[in-house]
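Worksheet: one structure, shown below.
Read the numbers this way: they start at 1 and go in the same order the structure lists the ligands and their atoms.
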Amino acid sequence: MGKPVDILALKAGVLEDFAAHAARTRDSRTRLYAPGATERVHQCPICGADSADSVLRLIVYGAAYHQCPECSHCYVLDRPTKTALEQFYASDAYYAAAYTDIRAAETRVRQVAVPKAEWMVEQFERLYGRKPQSILDVGAGGGHFVHACKQMGLEARGIELSAASRDFCRSHFGFDLDSVNFTEAWHAFQGVDVVTFWGVIEHVPDPLDLLRAAARLLEGRDGLVVAEVPRWESLSTAVQTAFPDFVVRHLDPLGHIHCFTDSSIATAFELAGFAPAAAWYFGMDAYELTVQLATLLGENRVVGTLGPHIPVLQCAADQGRLSDEIVLAGRPAAIL
Ligand SMILES: [Zn+2]
């Protein structure tokens, strides 16, 4: 549990003008979810249960998050078409900016990517009694995690569809990321020990497609899959339910068309052919609460005043299993 992060340094650019950022986010998502621009999801994307039986939980910018009564997975019921989403990720420079901000790059490597790489190595070693040799990071963003793995002496490659992110990686870290569809091109990466998805599978229409491709790649090997996903049962969900007009992360329905429960991510692993082997709980719930209070009161001072207390509040959220992120690691098992 827990991940110590100087969250205010990480999001310096966002805090400079949170209200304007929220307004921009609200506008673009409301347009994306305009009636007629979406398509209905007919089955739970994880367990396949009929979506007609799902329960409405929250509406953010016109996007309705529903919960599956079978596996408890939460997902946007009427979502933008696959083409619309692909176009967005391929071209939206503003979205990529969060991950390619030069100021935050070193902080992101040191405080985000390195701890994740160390955790991944630790889990692999615990299962197999040796360190992994090669890593494939799917949805690598600006390449921070791949860079951290390389620094640790691991062979590491990354796949990234955003051209802006690949350019950043080349110019900032000096290596290239692959631009391929992993579900079709997975066999080009034979021999890797670990496949990672850091904040990736909640963005795609069918998360199981990506996990199943990883299962085929790792089949019969001492392998590990690692996926970080947002958690529905979290303090951030409660805070954003209270302030749905100021959502810029977590239940932002542009990126996160899924929000997992522990049950639904474990179900996804089992169905794809992975047995859960380790879980890590951490999040930005206390940060979310702080920023929303500052916005509600119109007082930036709130951020400075509450900021130093964020770590102790977040620690309580993590220990109470109310954190807004989970990283689940799994080993290859029989495909169901
Ligand atoms: Zn389900």
Side-chain angles (χ1 to χ4, degrees), residues 33 38-82 84-85 138-139 182-183 195 197-216 225-238 240-241 244 247 250-281 283 321-336:
Y33 279 92
T38 56
E39 60 188 5
R40 173 64 51 97
V41 176
H42 294 288
Q43 292 184 302
C44 169
I46 301 303
C47 77
D50 191 339
S51 71
D53 299 326
S54 65
V55 179
L56 173 64
R57 297 297 303 271
L58 177 64
I59 297 176
V60 180
Y61 308 144
Y65 283 94
H66 279 237
Q67 187 162 35
C68 172
E70 295 292 328
C71 73
S72 77
H73 189 60
C74 291
Y75 57 99
V76 174
L77 185 64
D78 294 298
R79 66 192 178 200
T81 58
K82 195 162 182 251
L85 284 174
V138 180
F182 177 62
T183 58
V195 179
F197 301 97
W198 299 106
V200 172
I201 68 171
E202 67 271 28
H203 294 253
V204 301
D206 190 352
L208 277 173
D209 269 0
L210 286 170
L211 291 174
R212 285 190 172 120
R216 283 191 280 272
V225 70
V226 175
E228 177 184 4
V229 294
R231 286 183 79 235
W232 180 264
E233 287 146 333
S234 62
L235 180 59
S236 284
T237 296
Q240 295 191 343
T241 300
V247 170
H250 189 53
L251 298 179
D252 174 356
L254 169 75
H256 295 180
I257 54 177
H258 305 271
C259 193
F260 289 77
T261 62
D262 291 4
S263 163
S264 76
I265 187 63
T267 301
F269 268 47
E270 293 280 354
L271 290 175
F274 292 107
W280 179 10
Y281 293 81
R321 302 292 198 279
L322 282 174
S323 57
D324 62 25
E325 294 281 319
I326 183 173
V327 182
L328 196 63
R331 62 194 300 178
I335 296 175
L336 297 180

Subject >> Donor-acceptor under 3.5 Å (Tyr61 side chain, Val247 main chain) >> reply: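 Here the side-chain-to-backbone pair exists.
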**OP:** Can you check the number of protein N/O/S atoms within less than 2.8 Å of the Zn ion (ligand 1)?
**Re:**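 The number of such protein atoms is 4.
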Subject >> Residue pairs involving residues 48-58 (criterion salt bridge (charged side-chain N to carboxylate O under 4.0 Å, His left out); sequence neighbours excluded) >> reply: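 Output for this query is empty, none listed.
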Subject >> Contact list for residues 58-68, test salt bridge (charged side-chain N to carboxylate O under 4.0 Å, His left out), sequence neighbours left out >> reply: none
Original post:
Taking all atoms of both residues into account, what is the closest heavy-atom pair of Cys71 and Ser263, and its distance?
Top reply: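 So the two residues come closest at O-OG, 3.0 Å.
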Subject >> salt bridge (Lys or Arg N to Asp or Glu O under 4.0 Å) partners for Asp78, two or more places apart >> reply: Arg40
Subject >> Donor on one side chain, acceptor on other, Ser51 and Ser54, under 3.5 Å >> reply: no
